[in-house]
Visitor: 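One structure, as C-alpha cells, below. Some questions next.
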Amino acid sequence: LDMFPYPSGAGLHVGHPLGYIASDIVARYKRLKGFEVLHPMGYDSFGLPAEQYAIQTGQHPAITTEQNIARYRQQLDRLGFSFDWEREVRTSDPAYYRWTQWIFLQLYGSWYNVATQKAEDIQTLLHHLQAQGTQNLQAVQSEALTISSSEWNAMSEAEQHKTLLNYRLAYLSEAVVNWCPALGTVLANEEVKDGVSERGGHPVERKKMLQWSMRINAYADRLLEGLDRIEWSESIKEAQRNWIGRSRGSTLRFALLHSSGEPDGRFIEVFTTRPDTVFGVSFITLAPEHEWALELATPDRRQEVEQYVQYATNRSERERQADVKKVTGVFTGAFVRHPFSGEPIPIWLGEYVLAGYGTGAVMGVPGHDGRDHAFARTFGLPIVEVISGGNVEEEAWEAKTGTLVNSDFLDGLSVEEAIAAAIEAIEGEGMGKGTTQYRLRDATFSRQRYWGEPIPVYFKEGVPMPMPTEHLPLQLPSVDKYLPTESGEPPLARAEGWAYRPANDHQAFPIEFSTMPGWAGSSWYFLRYMDPHNTNAFASSESLAYWNQVDLYIGGNEHATGHLLYSRFWTKFLFDRGWLSFDEPFKKLINQGMIQGTSAFVYRVQGSHTFVSKGHKEKFMTTALHVDVNLVSNNVLDIERFKAWREEFRNAEFLLEEDKYICGSEVEKMSKSKWNVVNPDDVVAQYGADCLRLYEMFLGPLELSKPWNTNGITGVSGFIRKVWRLFHHQGSWAVNDEAPVRAELKVLHKTIKKIEEDMERFSFNTSVSTFMICVNELTDLGCRKRSILEPLALILAPYAPHLAEELWERLGHAGGIASASFPAWSEEHLTEDSFAYPVSVNGKTRFKAELSLSLSAAEVEAAVLAHPDMPRFLEGKQVKKVVVVPGKIANVVAV
RNA sequence: GCCCGGGUGGUGGAACAGGUAGACACGCAGGACUUAAAAUCCUGUGACCCUAAAGGUCGUACGGGUUCGAUUCCCGUCUCGGGUACCA
C-alpha cells in the first residue's frame, strides 16, 4: 500500500513515484512468488487547494479535482505501475464518504468504558445511567459528573443528549481551538507549526468555539502499547510516543488560605511528576487563564494582576512561542498552605504555565526544575535544595540521582524511593493521588470549509442529533460562493434548504455547517480497498478477514503524528466495536526519503544587467537568483535559452570563465518556486519508464533523503542496453537452446538468491547492482542461452516490467509474465570447487575459505592445516588455534 | 534543551551474523573501433612509500576499550540531518 496522494494541480515530480516504485516492485515480486497481492491506489481528494482555487475562480472544486486526478492517472500509467484500478477510491466521492460519515456516527454513538478498556455502544452507557447514574461509572469523559439515576431519569431528552456529549467519542464542546483567520477555519494541533498554519503559513490564534472533537485520548495508552507490536521505524514510533507524551506523577492539593491565615475550604490542585521534591516548593504558579486567577488577587494586588492577565491573554500563541525565554509573572497576594510543613506559600501567575495541560497550576520547585528556577531568580523567590548533588543557587538540579535532604520524612531516600514514599503519603492524607497525564489533546474535528465531508448531524432544540444512517451519504450541497457568510458562518450556511426533514414530521431541522478535516477520509481508506463497491457496509467482514492488515505501507514521514496516528485510532475503535478483527492497521511501515531538488543559481551584479560566472562572484556585490534547472546542464548555463526565458534577461550581459557561464547549485526542497522541479514525464521521454524505475531505486536506500541528479542515469541506461544485447546480436534475436555450463548456472543462481535476499530486506538499491553484475558476467561469458536468459527476464520483471514483458513475449510465452512464477535457486549450482586458500600473512595466516555449507568446522580446520602452503606461512611457528567462520575466513593464530 | 537517525574514496553508495573495507555506478585518466561524432569495448583509479617484478605502511569523523580479528559491539568527544518543546 502506498499513501494515496492529494491530487494537486502541479502534477507529479520525480520525488512522488519513489515509494510507488518500491511498492510496485514488491507487489510484482510477491505475485510472481504466488501470493495474491492487493496493490491499490486512490486519491485523498478533499482538501484546501481545490477550495482556494474555487474561491478565486468560482470553479466547483469537484471539477478541478477531477481534472487533477486525470492528470495524475496519466502520469502514473506512464511509469508502469501494476495498481488494481478497479479498486480505486476517492475520498470526495459520495459513495466513499457515505462510509466516512457512517464511521463518524458510530464514534458519535460510542463511549469508552475504562472498566472493559474498550469502546462500547452508547446504549450500554444509557442503561448504566438509568440504573445507577454515574455511580460506579468508569468512562473517559470531558469532565467528571455526578448524577444519580433519579436525576438522570428526570432529565428531558434534550438534557440527556447534552449530557451524553460528555462521554461520546465524537462530541460537540466549547473548546479552545487554533483559529486561523486568513484561512477562515480551525486547525488541528498537527496542522499548526511554530504558531502559523502548516499550509500557507498564516498566523493562528487561540479562540473558544463550539467544536466537534474526537476523544482520541481514550486510546492514549493503547496507541502507545500498540507501537511495540508493529514494524515501524524507531523515529516514527518515538515521534508518536512524544506526541502522546505520557507522564506519570501525582496530583497534589494545596489548601487555599483566607486572608486571616486560616484555610478557606478551597484547594488549588497541581500535577507533578516529581512529588519527591514537595519540600522544595517555595511558590505556586497558575496559568494566567486559570479560572481563579483574578479572584485570588488581594485588593492591593488587583490592578497589577488584571493588567498581567490582560497582557498574557492578548499575546498570540506565536508571540508566546517566539520568546519562551522571557520570564513574566505577577504575585496575586494570596497564599496556600504547604500540605506537610504547613508553611504559607505564595501564589503567582506565570505565562510559562499552560492552561491546557494538567490542572493549569504547578508547584514551583526552583531547586529542581529549570523553569521554576528561572522564575524564582527573576522574582527573588527562595530556592531550597531538597536533593543533594548540585549547586541549586547556580542551576536547577534536575537529575533523578542524589539523596533527599531538607525533606522531613523523605530525608536520606533516593529519588526513586522518595517518589514512591511521597505518593503514598499524599494518597494517605487524601491530598491527591498518583495520576498519568498525557500531552495528547482530543482532536478537533470541525472545519469551517466547503470541500470536505459534511458532518451528518442536525440540531433539534439546539441539541445535536445523529442523522439516520439510511440518509447517508449526506451530500455536499451546492453553494453560490465558497466563502464564509457575512456573519462568519461556514460556507455550508449559504446552501439553500440545508436542513433535515424527517419522513413523518413537517419540521425542518438545521444541519451542521462545518465539514470534516482532511484526515477523516484518510483514516480508513485502506479498508475500503478491500471491498470498494460495497453498498451495505464500508467493507464486508469476509473481505476484511481475507485481506486483514496492510502488510507493507510505504509513505513519507511527514504523517508521523497526523494520519498515522488517526488511522491507528480509528482502526482500534472499529476493532472495539467488532467491525474489524485487527487493531493495528499497518504491520510494517517504510518511510521513503524525500527527493530534493538541486537548484541552480546565477549571480547578478547588484544594480546591473551583468551576470557573473560562479568563479567571479566574490569580486562583485551579487544577488543570487534561482534559474530553471532545465536551462542548465553540468552547471553550465545555456545562455541563449536563458535570455529567452524571461523578458527581463533579454539584454543580459555575462562575465564568463573559460567561455562558459558556470552556475552555482544548492540542494533544496523540490518546488515550483525554486525552479528545480524535475518532471518524471521528461525522464521517461528520454530514457524510458524502466530506466526511471531502476534509477530511482539505484540512487540509494529508499529511506534516505537525497538530491535528484541524473549524473548516474547513463549507467542504468547502459545496463538496460546490455540486457537487450544479451538477447540480441546485431539487431536480431540471438537466444539459443544450448545447454548451460556450470559457470553460467552459478551466475544465474547467485543472482536469484541475492535478489530474494535483497527483497526480504527491502534493499532495492543493492538489487540493481546485483542485476548489473549478473549481466556483466553473462556478457563476459558470451551466454545467450534460453535456460539462463529466461529466468533472468523473470527476476528482472518487478524492476523493469516493460523490458521484461517484451522479452518474455519474444521468448515465445503467451499470456504475459504475470502468469509465470519466480525461479528458484539451488544450492547445487552455488558450491565452490576449491574450498580454502591462503590470502595473506600478517603475523597470523588468513585463509579464504569459500566453503560448501555441508562441511563442518572441524573438517575445515583439518583441511586448512593440511594445506600445502601452510608451512611457508607458519615460518616455523606453532599453531595456537584456528578460528573458522564457515563461508568466510579461516584465521590461523601462530606463536 | 530533549528525542531519533547519520558521519566510509573526487561523487552516490556496498559490506546482510564481528571475518579480504570501498561491491555496483558516476566522474576522471589512458587506450581500441570511427573521416568524425554518437554508441560500444578495454585498462587504471582510497592515500602514501617503494619496486624490474614484487612488496609495504596508513586508512570507515575523533579518542579510548573488548576481541585472534572492529565500518560493525562498548565508553567518551566532535559534527551533520530530522523531529519536538515553557507539557510541570
Side-chain angles (χ1 to χ4, degrees), chain A residues 193-194 233-243 245-247 249 252 270-274 277 285 287 320-321 323-328 350-354 356-365 368-372 374-375 398 437-441 557-558 560-561 591 593-594 634 695 698-701 703-707 709-719 721-722 725 754 757-758 760-761 763 765-774 776 779 838-840 842-850 880-895:
Chain A
K193 292 258 149 73
D194 302 325
S233 72
E234 208 40 53
S235 63
I236 293 261
K237 287 189 187 183
E238 270 307 302
Q240 293 211 345
R241 286 190 192 109
N242 291 338
W243 191 260
R246 175 162 66 187
S247 53
L252 180 54
V270 303
F271 171 74
T272 179
T273 55
R274 296 295 301 276
T277 63
T285 315
R320 275 204 198 187
Q321 284 183 5
D323 49 15
V324 290
K325 293 279 178 290
K326 192 169 138 195
V327 178
T328 67
E351 252 189 312
Y352 78 98
V353 179
L354 304 177
Y357 183 77
T359 60
V362 303
M363 59 181 211
V365 186
H368 305 281
D369 181 283
R371 296 153 302 178
D372 294 343
F375 196 79
E398 295 184 324
Q437 281 287 336
Y438 300 91
R439 207 190 75 109
L440 184 71
R441 293 282 95 89
N557 57 8
E558 67 272 21
T561 53
N591 298 113
M594 194 169 46
N634 287 329
Y695 185 59
F698 183 68
L699 268 175
E703 291 93 335
L704 224 72
S705 283
K706 53 234 158 190
N709 70 73
T710 47
N711 289 347
I713 203 165
T714 53
V716 174
S717 182
F719 160 74
R721 275 186 243 265
K722 272 187 182 174
R725 284 200 305 271
K754 184 88 175 35
E757 284 167 357
D758 288 344
E760 295 309 318
R761 292 182 300 130
S763 180
N765 55 328
T766 52
S767 285
V768 181
S769 296
T770 304
F771 285 128
M772 288 178 174
I773 295 168
C774 173
N776 284 344
T779 304
V839 172
S840 71
N842 196 3
K844 303 134 224 165
T845 305
R846 292 170 141 188
F847 278 79
K848 168 97 171 181
E850 211 176 298
K880 196 176 166 196
K881 65 172 168 177
V882 180
V883 184
V884 178
V885 183
K888 304 277 182 169
I889 290 297
N891 260 298
V892 178
V893 183
V895 248

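Quick note on labels: first sequence line is chain A, next is B, and so on, each numbered from 1.
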Visitor: Anything below 3.5 Å on both distances counts as a pair; with that, list the stems of at least three consecutive Watson-Crick or G-U pairs involving RNA chain B.
Guide: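 RNA chain B forms these stems: B:1-7 with B:78-84, B:10-12 with B:24-26, B:27-32 with B:40-45, B:46-49 with B:55-58, B:61-65 with B:73-77.
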Visitor: Which pair of heavy atoms, one from A/Val270 and one from A/Met363, lies closest together, and at what distance?
Guide: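 That would be CG1-N, 3.8 Å.
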Visitor: Identify whether any heavy atom of A/Ser235 sits under 4.0 Å from a base atom; if not, whether one sits that close to sugar-phosphate; answer base, sugar-phosphate or nothing.
Guide: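 Sugar-phosphate contact only.
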Visitor: Measuring from the side chain of A/Tyr357 (C-beta onward, heavy atoms only), which nucleotide among B/rG27, B/rA88, B/rG12 has the closest atom?
Guide: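 Selected nucleotide (nearest to the side chain): B/rA88.
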Visitor: With rounding to the closest Å, how many angstrom separate the C1' atoms on B/rG31 and B/rG56?
Guide: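 Rounded to whole Å, the distance is 30 Å.
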Visitor: Give A/Leu704 one of three labels, base, sugar-phosphate or nothing, depending on what nucleic acid heavy atoms sit under 4.0 Å from its own.
Guide: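 Counting heavy atoms under 4.0 Å across all strands, the contact made by A/Leu704 is with sugar-phosphate only.
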Visitor: Starting the side chain at C-beta, find the nucleotide from B/rA14, B/rG5, B/rC16 nearest to A/Thr766.
Guide: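 Taking heavy atoms from C-beta onward, the closest nucleotide is B/rA14.
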Visitor: So what does A/Asn709 hit on the nucleic acid, given a heavy-atom distance under 4.0 Å: a base, only sugar-phosphate, or nothing?
Guide: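 It contacts nothing in the nucleic acid.
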Visitor: Starting from the 5' end of RNA chain B, give me the residue, A/Gly360 or A/Lys706, whose nearest nucleotide shows up first.
Guide: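 Checking each residue's closest nucleotide, the 5'-ward one belongs to A/Lys706.
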Visitor: Syn versus anti for B/rA17, judged by chi lying within 90° of 0?
Guide: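 Here the answer is syn: the torsion falls within 90° of 0.
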Visitor: Please determine, for the side chain of A/Met772, which listed nucleotide (B/rC86, B/rC41, B/rC24) has the closest atom?
Guide: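 Among B/rC86, B/rC41, B/rC24, the one nearest the side chain of A/Met772 is B/rC24.
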Visitor: When you get a sec, tell me which of B/rC24, B/rC16, B/rC4 is the closest nucleotide to the side chain of A/Ile773?
Guide: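 Per side-chain heavy atoms of A/Ile773, the pick is B/rC24.
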Visitor: Quick one: which of B/rC24, B/rA85, B/rA88 gets closest to the side chain of A/Ser769?
Guide: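 Nearest nucleotide to the side chain: B/rC24.
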Visitor: Taking CZ from A/Phe719 and P from B/rC24, how many angstroms apart are they, rounded to a whole number?
Guide: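 So the two atoms are 14 Å apart, to the nearest Å.
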Visitor: Please work out if A/Arg241 contacts a base, only the sugar-phosphate, or nothing of the nucleic acid, heavy-atom cut-off 4.0 Å.
Guide: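 Contact class for A/Arg241: none.
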Visitor: In terms of side-chain geometry, is the basic nitrogen of A/Arg371 or A/Glu398 positioned less than 4.0 Å from the acidic oxygen of its partner?
Guide: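 Judged by the 4.0 Å cut-off on N to carboxylate O distance, A/Arg371 and A/Glu398 do not form a salt bridge.
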Visitor: State whether A/Asn591 places a side-chain N or O below 4.0 Å from either non-bridging phosphate oxygen (OP1 or OP2) of B/rG82.
Guide: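 Indeed not, no polar side-chain atom of A/Asn591 lies that close.
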Visitor: Kindly give the heavy-atom pair with the smallest separation between A/Pro701 and A/Asn765, and that separation in Å.
Guide: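 What the structure gives for the nearest pair is N-ND2, 3.6 Å.
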Visitor: In the structure I gave you, are the side-chain heavy atoms of A/Glu703 and A/Asn557 within less than 4.5 Å of one another anywhere?
Guide: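 No, too far: nothing below the 4.5 Å cut-off.
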Visitor: Of the nucleotides B/rG5, B/rA88, B/rA25, which has the atom closest to the A/Asn776 side chain?
Guide: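 My answer, after comparing the listed nucleotides, is B/rA25.
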Visitor: Once you round it to whole Å, what is the distance between C1' of B/rA85 and OH of A/Tyr438?
Guide: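 A/Tyr438 atom OH is separated from B/rA85 atom C1' by 20 Å.
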Visitor: It should be established whether A/Arg721 places a side-chain nitrogen or oxygen under 4.0 Å from OP1 or OP2 of nucleotide B/rU40.
Guide: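 Result: yes.
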Visitor: Looking at the side chain of A/Asn242, which of B/rA88, B/rC3, B/rA85 is the nearest nucleotide?
Guide: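 Closest nucleotide among those given: B/rC3.
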Visitor: Where is the tightest heavy-atom contact between A/Phe375 and A/Thr328, given as atom of each residue plus distance?
Guide: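 Smallest interatomic distance, heavy atoms only, reads CE1-O, 3.4 Å.
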Visitor: Across the strands shown, which category fits A/Pro701 at heavy-atom distances under 4.0 angstrom: base, sugar-phosphate, nothing?
Guide: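 Sugar-phosphate, no base atom in range.
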Visitor: Quick one: A/Asp369 CG to B/rC2 C1', roughly how many Å, whole number?
Guide: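 So the CG-C1' distance, A/Asp369 to B/rC2, works out to 14 Å.
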Visitor: What's the closest nucleotide to the A/Arg439 side chain, out of B/rC26, B/rC87, B/rG83?
Guide: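 Of the candidates, B/rC87 comes closest.
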Visitor: Does B/rC87 have OP1 or OP2 under 4.0 Å away from a side-chain N or O of A/Arg371?
Guide: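 Result: yes.
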Visitor: How many whole angstroms separate atom CZ of A/Phe698 from atom C1' of B/rC24?
Guide: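 My rounded result for the distance is 5 Å.
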Visitor: A/Arg761 side chain: which of B/rC16, B/rG83, B/rC87 is closest?
Guide: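 For A/Arg761, the side-chain atoms sit closest to B/rC16.
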Visitor: Is A/Ser763 touching bases, backbone alone, or none of the nucleic acid, heavy atoms closer than 4.0 Å?
Guide: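 Touches nothing.
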Visitor: Given atom CG of A/Leu699 and atom P of B/rC24, what is their separation to the nearest angstrom?
Guide: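 Checked: the CG to P distance equals 19 Å.
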Visitor: Please confirm whether the shortest side-chain N or O distance from A/Asn765 to OP1 or OP2 of B/rA14 is below 4.0 Å.
Guide: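 Yes.
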Visitor: In terms of ring plane angle, is the pair A/Phe271 and A/Tyr357 parallel, tilted or perpendicular, where the classes change at 30° and 60°?
Guide: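 Geometry flag for A/Tyr357 against A/Phe271: perpendicular rings.
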Visitor: Can you sort out the partners of A/Phe698 under ring-ring contact (aromatic ring centres under 6.0 Å, His included), two or more places apart, ordered by chain and number?
Guide: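 By the ring-ring contact (aromatic ring centres under 6.0 Å, His included) rule, A/Phe698 matches no residue at all.
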Visitor: What closest approach, in Å, do A/Tyr695 and A/Ile713 show between heavy atoms, and which atom pair accounts for it?
Guide: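 In terms of heavy atoms, the two residues are closest at CE1-N, 3.5 Å.
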Visitor: Is B/rG9 in the syn range, within 90° of 0, or in the anti range?
Guide: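 That one's syn.
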Visitor: Here's a test of your reading of the structure: between A/Thr770 and A/Ser717, which maps to the more 5' nucleotide of RNA chain B?
Guide: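 That would be A/Thr770.
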Visitor: If I take atom CZ in residue A/Arg441 and atom C1' in nucleotide B/rA85, what distance separates them, rounded to the nearest angstrom?
Guide: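 Going from A/Arg441 (CZ) to B/rA85 (C1'), I get 14 Å.
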Visitor: What pair of heavy atoms forms the shortest contact from A/Ala374 to A/Val327, and how long is it?
Guide: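 Reported closest heavy-atom pair: CB-CG2, 4.0 Å.
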Visitor: Within the 4.0 Å heavy-atom criterion, would you say A/Phe771 contacts the bases, only the backbone, or no part of the nucleic acid?
Guide: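 The residue A/Phe771 makes no contact with any strand.
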Visitor: Would you mind checking if A/Glu238 and A/Arg241 are paired as a salt bridge, meaning a charged N to carboxylate O distance below 4.0 Å?
Guide: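 Yes, A/Arg241 and A/Glu238 are salt-bridged.
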Visitor: For A/Lys722, which contact category applies under a 4.0 Å heavy-atom criterion: base, sugar-phosphate, or nothing?
Guide: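 Touches sugar-phosphate only.
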Visitor: Give the rounded distance in Å between these two atoms: CE of A/Met594 and C1' of B/rG83.
Guide: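 My rounded result for the distance is 13 Å.
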Visitor: Please work out if A/Ser233 contacts a base, only the sugar-phosphate, or nothing of the nucleic acid, heavy-atom cut-off 4.0 Å.
Guide: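 A/Ser233: no heavy atom of the nucleic acid under 4.0 Å.
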Visitor: Which nucleotide in the list B/rC86, B/rA88, B/rC41 gets nearest to the side chain of A/Thr273?
Guide: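 The nucleotide sitting nearest to the side chain is B/rA88.
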Visitor: Whole-Å distance between B/rG13 P and A/Asp758 CG?
Guide: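 In whole Å, B/rG13 P and A/Asp758 CG are 17 Å from each other.
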